[in-house]
Each structure stands twice: as structure tokens, then as C-alpha cells.
Amino acid sequence: MMLGLKVAVTSLCALLVGWCVMVLVEPNCLDAEFRHGAVAADTDTCSKIGRDMLQSGGSAVDGAIAALLCTSLLNVQSLSLGGGTVITVMDSSGDVKVINARETTPLNFKPNLLDECPKSFRRMAGTKWIAVPGEIRGYEEAHRRYGKLPWASLFQPTIQLAREGVAIRPIMARYLAMENYINSSEDKALWKFFSDEKGNQLQAGDIVKYEKLADTLEEIAAGGADALYKGRVGEDLIRDIQEEGGTITMEDLHSYQVEVTDPWTISLGDYKMYLPPPPTGGVLLGLVLNILKGYNMTPSALDADQKVLTYHRLAEALKFSTAAKHHVRDMKFTTADLKKLSEDAFADHLRSLISSDHTNKRKFYNISSQLDTVGTTHVSVLAEDGSAASITSTINHIFGSRVYSQRTGILLNNQLADFCHRVREINHADRRDSRMIPVVYPGERPPSLTSPAILKSDWETLVIGASGGSFITGGFASALMNYLWFGKSLPDAIAAPILFVDGRTVIKGEPGFDEDVLQALVAMGHQREEAVRFFNVVNAVSKKNGCICAVSDARKMGQPAGY
Ligand SMILES: *[C@@H]1O[C@H](CO)[C@@H](O)[C@H](O)[C@H]1NC(C)=O
Ligand SMILES: *[C@@H]1O[C@H](CO)[C@@H](O)[C@H](O)[C@H]1NC(C)=O
């Protein structure tokens, strides 16, 4: 009934808007909507900094970079200049490109590194997991191609915040308070940075000044990415890493290169969806959506008599995507035909294996990795000139490697830990077959689940992406299903509690998820557990009929900004 009403109201609005466009030329937008541009970042402060860039004539990329630099102060646990980023960007003519600035494997790394991979998710800290950072090289390439404002101006608001000090947000305080994220005896420098004079960890509301980071940002603002990759900042960063026993060298920074490619696309009804190619998770998200689109779902898929089947199909599609995870790798280091995973024929085949009345044992899906991770941040931006930027940045786990460079104020990633997905294969394979021994190559980018996306139809541009490690694929797919197929508004589509399927194929309902559906799924054979915490976060901006709707996920207490 509610849903029917909403659909009716929506189509009425659509009619009215169409009429107003003809009569007034000005679109008749809702109060919460914007007309020119908008930024959906993780925090109110950073969305506004991005919005200010748009308002002073910046492109979507300008707004996104400024918002991300700000986020590196407000959600330190999620991203840093010592991390990596994947940028899907559309210029004002509608041309889409992907800039992959994910971290790479250094020339020298710990021998038999993958022998240290844990069997289940746990802390993976220390210099051995650090990959060569790509974040700033990624911003540089994006700005060189798409920037309109001066490079240094993107840094100014964040430098000012860093010097004045910012209050610790409750989300970050939650992680500071837990010893398994920052350990006082193992992560000394990071622990000290976030402690008061008495040695107690800072709490929500306490003010932190990021003086060293401000110096670093000033040098990068003035000297470009080279300040980090070839200059003083890089030398100090390498010295700090090496003093902690790390193997990354100046040569690694010198030789780091971003990769600019065409996006991969899938078609979803009237929409074309642009996704970043492997080693990102775009191909896995595409697979899930390609499987599900074959069921031609409409709002009635959530009716009482169909709802269980709908979520059963979602759970099955997610299990297949977990199995496909171990195929995802840097395409420069494999001869496998990964493109196949994104094609309709492959999804059609997997859909034909989905039964409508029962699930299967793990073995059936050929799942070899069961490692779950959390972390990352996403920003979605649409600018007045029609350009769009969808960027997911990460240092991998919460607070990355927990290695904090005191000379530069940069926190380092633990991205090499993502190669551990590869290790599980050998547990199931013939150990005598040397082809099955997992290998990591210098220069290789580790696999990822990040999938910053842009969807385009004749009447809408939707910039959308998710963060939250293993929660990305399920959280993202749920938001899109709700929005594109089930008739929910963008805010409702993102707010709806999700069904999560973990690496062991166990289903978990986010608090508020329909308990009856969970019980019915268990009756179909799904294994169910309670999850302590959900990390899925979706940030999106849509422009339709001249009106812009922006949503920052309330799960991370985000707020969008626009004008
Ligand atoms: C912190 O590190 C110490 C020393 O390695 C270890 O004994 C302790 O268990 C760790 N604490 C937590 C909560 O992981
Ligand atoms: C699992 O692997 C086996 C052996 O390689 C293969 O025959 C089967 O089709 C795979 N199943 C799925 C669901 O991909």
C-alpha cells in the first residue's frame, strides 16, 4: 500500500516536472534537491568543501579530490595519502574513463609473505603488508585530465582544517577505543598520535591537529605529486617505513604509475552501467546484477509471496560472486579471460544453476576464499558542467597497516593483505602442482572489491559507489536493486537494511532486516548467523529531469552538500 502510494506520487511528480519544464523551463525540484551540482562524501564537512569547489567553477573531479583530502582527516581509519584510489569519471560530453591508482607491490617484499596470511579475518598490521601508495598520483592524473581549478586550491581547505584542528567524529572514536585496531604496544607511533599527554586514547569530540600532515599537504599543493614521489616527503616517508623494518624504497615511489583505461560496461534495462575493470570488484558487482536482472524484478518482488524468493536469489548471486573473487586479478599478470565474467552469457549460466527452493553447500559454488575485510571510503560528485566523478579510496583495513610515518603525518596502507584471497586456493588444490602455488609479482596491483560506478540512461545520470570491504558488493547491489527495480527513492534505497553473505556463505541480516525472510531462508538451507557490526556504506548523487538528489549514507553519519 505504502509502496503503491509512493510509486503513484513519484509518477505524479514526474508528470508535474515534465509539465513545469515545458512551461517554466526551470525544473520544479523538491526542497531537498539541488539544481546545479552536489557532493556525497562521508561527512558533512567534506561534502561542503567539495561543494564549495563546484560552486567556484570546479569540475566533478575538483570537488571529489577536495572532499577526499578532507576525509583523510575526518575518517583517518578509512583513507590516507598512503593509500590508493580508483576513479571512474565522466566528462561533460559523457565520455567515461577509469583511473586506477590502486597501490602496487614493491620490488622487494617479504619472502613467503603469503605464508603469513591468517585463516580467518584478523589484524594484519606492520610494514610487511604495505604496498606502494597511489592516492596522490591518482588525484594528479585525474586533475591533469579533468581539473578546472588550480591544483593547490583543492588542498587549501584541508590544510586549514589540519592546522586549526578537527574534532574526532564518533565513527572514528569507535575504532580508536578498540585495542584490536590500534594496539598500544605494537602500533606505538599511531597510538601516541591519538593519545593525550597522560597516554589515554582520544575520544569523540577531542580536537586533533594534523601539523605534520599539513606540512606535507602544503608541499604537495606547491610541488605537485612529485613532492611525494620524488621529493622530501617521499624520502621522509621511506625513512620512517624502513626504520620500522619495511622494504619499500624511493625507487618504488619513482616507478609508480597510474593506469588509465576504458570502463567495462553492463546493461541494466534502460541504463548503461560503467564499472572499473579488474583488479577492482566492478566485475563482481556486475556479475551479481547481471544474474539478478534476468529475473525481471519489479516492485512486486518485495510482495509477501515473492520476498523470500527475491532475497534467496540475491543470496545465491552473492555466493557466486564470492566464488568469482579469486579470478579477479591485475590483468597485466594473468592470461585468464576475465572479460567473460562480465558477460551476460556467464551470468545466464550461473542463473540456470540457481534453484528456487533450496541453496547448496559451499563446495557447489567453488568458493576458495573466506577472508572478509572492512574499510574504505567513497565519494560521488556531479558538477554543473555535467561531469561526474565516482571515487573509492582505501588504505584497506581499518587504519591500514597501522604504520604511521611521524616525519610526514602519513598513515600507510596494508593492501598486500588482499593477496591473501589467493592463498585459500592451494588449500583445496593439489599442493604438488606448482601452477597452483600463489605468486605475487612486483608491480602487481592486489585484487579489490571497490567498484566506483556511473549509470546513465536517457533521463538520468547516477553516480554511486560503496565502501566497507567485503560488504561492498552486497551493500551496493541492494541499493541498486531497491532503486532501479523496486521503486524506492534513492534515500530509501540506500537506507534499507541489507542481507549480507559472508565469505563462508553464511547469511546475516542487518538490524531491521525482515526476520520472517531470514527464517524462511534458513528453512531453504541457508546457514545464518548474527553479525556484530555492518560496514556497508553507499554514497550517491543522481540527476534526473534537472533535479539533483544526493545521499550520504547515515550508517557513517554522512551528509551530502549541493547547490
Ligand atoms: C597488543 O599487542 C600485544 C603485544 O604483541 C599483545 O600481547 C596483545 O594481545 C595485543 N592486544 C590486542 C587487544 O590485540
Ligand atoms: C566448479 O568447478 C568444477 C570443476 O572445475 C566445474 O566443473 C563446475 O562447473 C564449477 N561450478 C561452478 C558453479 O562454477
Side-chain angles (χ1 to χ4, degrees), residues 77 116 118-129 173-195 199-201 244-245 283-284 286-288 290-292 294 312-329 334-356 358-370 373-375 397-404 414 417 421-422 424-431 433 435-436 473 501 503-505 525-526 532-533:
Q77 78 280 5
E116 306 197 19
K119 291 249 186 306
S120 61
F121 182 64
R122 70 162 166 77
R123 188 188 142 81
M124 293 168 79
T127 50
K128 61 173 175 278
W129 300 112
R174 182 200 285 168
Y175 300 116
L176 288 177
M178 289 187 267
E179 269 258 320
N180 49 349
Y181 288 115
I182 304 182
N183 182 313
S184 55
S185 54
E186 296 203 349
D187 317 315
K188 287 205 180 70
L190 186 58
W191 178 274
K192 189 166 146 242
F193 183 80
F194 285 116
S195 311
N200 298 315
Q201 283 287 273
E244 300 262 328
V283 65
L284 301 175
L287 176 63
V288 170
N290 274 340
I291 292 174
L292 295 172
H312 166 69
R313 286 168 167 168
L314 171 61
E316 294 298 288
L318 288 171
K319 288 177 188 181
F320 282 122
S321 83
T322 301
K325 224 191 247 184
H326 82 267
H327 297 298
V328 175
R329 29 183 97 206
T334 177
T335 53
D337 177 17
L338 300 183
K339 195 85 193 211
K340 187 186 88 177
L341 302 177
S342 73
E343 287 166 3
D344 283 336
F346 183 62
D348 292 346
H349 164 67
L350 294 184
R351 194 184 317 107
S352 75
L353 301 177
I354 297 178
S355 144
S356 57
H358 70 275
T359 187
N360 298 285
K361 294 229 163 19
R362 248 179 69 104
K363 229 172 45 201
F364 173 82
Y365 307 89
N366 293 339
I367 291 173
S368 61
S369 168
Q370 56 179 34
T373 65
V374 299
H397 295 178
I398 300 285
F399 295 112
S401 64
R402 282 76 152 182
V403 176
Y404 172 72
N414 70 336
H421 290 295
R422 207 167 274 185
R424 305 268 85 79
E425 281 172 67
I426 199 161
N427 295 344
H428 300 283
D430 186 349
R431 284 188 164 269
D433 183 349
R435 285 170 310 172
M436 297 305 290
T473 316
V501 180
R504 299 166 301 140
T505 71
H526 292 274
V532 189
R533 185 163 286 134

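Every number for a ligand or one of its atoms is a count from 1 in the order of the listing. When a residue number appears, it is its place in the shown sequence, counting from 1.
- Taking the six-membered ring where tryptophan is involved, the planes of Phe399 and Phe194 are tilted, since the angle between them lies from 30° to 60°.
- The backbone N or O of Ala347 lies less than 3.5 Å from no partner atom in the side chain of Asn290, so there is not a single donor-acceptor pair.
- Here's the thing with Tyr365: none of its N/O atoms is less than 3.5 angstrom from an N/O atom of ligand 2.
- Under the 4.0 Å distance rule, the nearest protein heavy atom to atom 9 (O) of ligand 1 falls outside the cut-off.
- Remark: ligand 1 atoms within the under-4.0 Å shell around heavy atoms of Ser185 are 1 (C), 2 (O), 3 (C), 4 (C).
- Nearest protein heavy-atom contact of atom 5 (O) of ligand 1 is Glu186 OE2, 2.4 Å.
- Between the side chain of Arg362 and the backbone N or O of Gly503 there is at least one donor-acceptor pair closer than 3.5 Å.
- At the shortest separation from atom 11 (N) of ligand 1 among protein heavy atoms lies Asn183 ND2, 2.9 Å.
- When distances from atom 14 (O) of ligand 2 to the protein are checked, a heavy atom turns up under 4.0 Å.
- Using modelled atom types and a 3.5 Å distance limit, the side chains of Thr473 and Lys325 yield no donor-acceptor pair.
- There is a protein heavy atom closer than 4.0 angstrom to atom 2 (O) of ligand 2.
- Those atoms of ligand 2 that come under 4.0 Å of a heavy atom in Asn366, given as number and element, are 1 (C), 2 (O), 3 (C), 8 (C), 10 (C), 11 (N), 12 (C), 14 (O).
- Under 4.0 Å from ligand 2, the heavy atoms of Phe364 that appear belong solely to its backbone.
- The contact set between ligand 2 and Phe320, taken as ligand atoms under 4.0 Å from a residue heavy atom, comprises 13 (C).
- Taking 4.0 Å as the cut-off between side-chain N and carboxylate O, Lys128 and Glu116 count as a salt-bridged pair.
- Taking a cut-off of under 4.0 Å to the non-hydrogen atoms of Leu353, the atoms of ligand 2 that pass are 13 (C).
- Lys319 and Glu316 are joined by a salt bridge, as a carboxylate oxygen and a charged side-chain nitrogen come within less than 4.0 angstrom of each other.
- Looking only at distances, no side-chain donor or acceptor of Thr505 sits under 3.5 Å from a matching main-chain atom of Val501.
- Taking the six-membered ring where tryptophan is involved, the planes of Tyr404 and Phe193 are tilted, since the angle between them lies from 30° to 60°.
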